[in-house]
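The structure presented is a predicted model; accordingly, all values stated were derived computationally and were not measured. One is the number of the first residue; the rest follow in order along the sequence.
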Amino acid sequence: MSDAAWVALSLIRGIGGRTISALVDVFGSPEAVLNATPRQLQAIKGVGPAICAAIKAINLAATLEDLLRWQAAGISVIAWDDVEYPPALRNLHDAPPTLFIKGNWPVNLSRAVAIVGTRTPSPDALKSAQDVSHACIQAGVPVVSGLALGIDTAAHKEAVIVPDAVTVAVLGSGLLTIYPPENRELAAAVMRHGALICEVRPDSRVSTTGLVARNRIISGLSQALVVVQTDADGGALHAARFAKAQGRPVYFVDNPLGNPAAQRGIDILRAEGAKPIPMNVNDLSWL
């Protein structure tokens, strides 16, 4: 169980692990940060009036009660500097200061591949997502996705039918408010094969901000990202751009059949330098 003061700090919007660590380095502990004066706090790079006010408003007793409640619900809380925090994610400049995790953790994600795409795939795209996920799992490569309807669901479902497969779902909602609700049963299966992960309070409702932000975690946990069909403003494009900024290779399934409108994002990815995976998805030479 992580330090309650660290968790309380990490839940402040706009603060990151490096800023919290800088505060702790100066004041000696997360608790000491809470006791610092506004002037002392704002002397630290990255701490402006809004973050300072949020720090001074922290109710540590309430956070501790929340932590105990979340722990009783089977949720682990892992801080940025804990040994169980995924190393690939920690190295990002905007790594979440705290991860909330439910399921079988830790898992080895050193070779993980993220599979993302539209919520309204064509039958061909759905089959492609299943094939890519199956190929990864058969090669012992964990599959990371976002539990959304469509491509994400197909990728996770293909993984959970294999007994020893590993899959991880990154949520844009809290772990106690599974979104979409239609995937609660799938979420339970994912937890048996890996874990559910989020950076927001476990009781948080889904939000557009949360859905977009979780894409950087999906890509950050993975060594590569595969997009299977997406339209020109799809969330998968956010994941692809986060992956590119993180230095992860981005691939796409070049399958124009089915729903042309839902494939327009692939043309954007191609123009931005993403590469098609081989027509034979069982060929994992691109990994």
Side-chain angles (χ1 to χ4, degrees), residues 74-76 86 101-173 175-198 214-215 217-219 221-230 234-236 239 251-255 257-259 262 277-287:
I75 295 171
S76 299
I101 297 177
K102 191 171 185 182
N104 289 302
W105 191 263
V107 296
N108 183 357
L109 295 176
S110 61
R111 300 177 63 214
V113 168
I115 302 173
V116 296
T118 179
R119 288 170 171 78
T120 55
S122 67
D124 288 324
L126 203 61
K127 177 66 163 53
S128 292
Q130 293 167 339
D131 289 345
V132 174
S133 180
H134 180 80
C136 289
I137 291 302
Q138 290 301 312
V141 175
V143 169
V144 178
S145 197
L147 203 72
L149 298 176
I151 296 300
D152 292 20
T153 292
H156 288 304
K157 280 187 173 180
E158 194 66 25
V160 299
I161 63 176
V162 179
D164 296 329
V166 174
T167 186
V168 168
V170 184
L171 306 188
S173 63
L175 300 182
L176 299 177
T177 56
I178 299 297
Y179 181 85
E182 300 95 311
N183 273 351
R184 286 174 183 155
E185 186 174 337
L186 178 59
V190 168
M191 285 189 283
R192 292 192 292 271
H193 285 259
L196 305 179
I197 294 178
C198 76
R214 62 87 183 264
N215 284 304
I217 302 176
I218 291 174
S219 57
L221 289 170
S222 309
Q223 69 159 341
L225 182 134
V226 178
V227 180
V228 185
Q229 196 174 58
T230 182
Y251 299 93
F252 59 86
V253 175
D254 198 5
N255 182 2
L257 301 176
N259 185 347
I277 64 172
M279 291 299 292
N280 175 12
V281 296
N282 291 309
D283 175 8
L284 295 183
S285 59
W286 49 275
L287 281 179

According to ring pair (Phe, Tyr, Trp, His ring centres under 6.0 Å), who are the partners of F252, at least two apart in sequence or on a separate chain? none
Taking all non-hydrogen atoms of both residues into account, name the closest pair between A165 and A159 and its distance. CB-O, 3.1 Å
So OG of S133 and CD of Q138: to nearest 0.5 Å the spacing works out to 10.0 Å
Hits for side chain to side chain contact (heavy atoms under 4.5 Å, CB included) against E185, two or more places apart or cross-chain, chain-then-number order -> none
So CD1 of I178 and CG of L186: to nearest 0.5 Å the spacing works out to 10.0 Å
Which residues pass the side-chain hydrogen bond (donor to acceptor under 3.5 Å, both in side chains) test with S173, not counting sequence neighbours? none
dist C198:SG -> I217:CD1 (nearest 0.5 Å) comes out at 8.0 Å
Where do T230 and A236 come nearest, in terms of heavy atoms and distance? OG1-CB, 3.8 Å
NE2/H156 to CD/Q130 distance, rounded to the nearest 0.5 angstrom? 13.5 Å
Please walk me through it: do V116 and V228 pass side chain to side chain contact (heavy atoms under 4.5 Å, CB included)? CA-CA 6 Å; V116 296; V228 185; over 6 Å; no
Provide the closest heavy-atom pair for A154 versus L126 in the form atom of the first, atom of the second, distance. CB-CD1, 3.7 Å
Step-by-step side chain to side chain contact (heavy atoms under 4.5 Å, CB included) determination, I75 to L176: CA-CA 9 Å; I75 295 171; L176 299 177; 3.8 Å; yes
How long is the gap from CE on M191 to CG on L175, to the nearest 0.5 Å? 8.5 Å
Could you give all pairs that pass the side-chain hydrogen bond (donor to acceptor under 3.5 Å, both in side chains) test and reach residues 186-195, with sequence neighbours left out? none
Those residues that, when tested against T177, pass side-chain hydrogen bond (donor to acceptor under 3.5 Å, both in side chains) (two or more places apart): none
Heavy-atom closest contact (T118 atom, T120 atom, distance): OG1-N, 3.0 Å
I218 and A114: which non-hydrogen atoms are nearest, and at how many Å? CG2-CB, 3.6 Å
Exercise: identify the closest heavy-atom pair between G235 and N215: O-ND2, 3.7 Å
List the steps, then state whether side-chain hydrogen bond (donor to acceptor under 3.5 Å, both in side chains) holds for S110 with N108. CA-CA 6 Å; S110 61; N108 183 357; 2.9 Å; yes
Under 3.5 Å donor-acceptor, Q223 side chain and R111 backbone: yes
For V113 and V144, run side chain to side chain contact (heavy atoms under 4.5 Å, CB included): C-alpha distance rounded to whole Å, both residues' side-chain angles, the deciding distance at 0.1 Å, then the answer. CA-CA 6 Å; V113 168; V144 178; over 6 Å; no
Would you check if the side chain of R214 reaches a backbone N or O of V170 as a donor-acceptor pair within less than 3.5 Å? yes
Exam field: side chain T167 to backbone V143, donor-acceptor pair closer than 3.5 Å: yes
Between S122 (side chain) and A125 (backbone), is there a donor-acceptor pair under 3.5 Å? yes
According to side-chain hydrogen bond (donor to acceptor under 3.5 Å, both in side chains), who are the partners of T153, at least two apart in sequence or on a separate chain? N183
List the steps, then state whether side chain to side chain contact (heavy atoms under 4.5 Å, CB included) holds for D152 with L147. CA-CA 5 Å; D152 292 20; L147 203 72; 5.7 Å; no
With rounding to the nearest 0.5 angstrom, report the CD1 to CG distance, I197 to L221. 5.0 Å
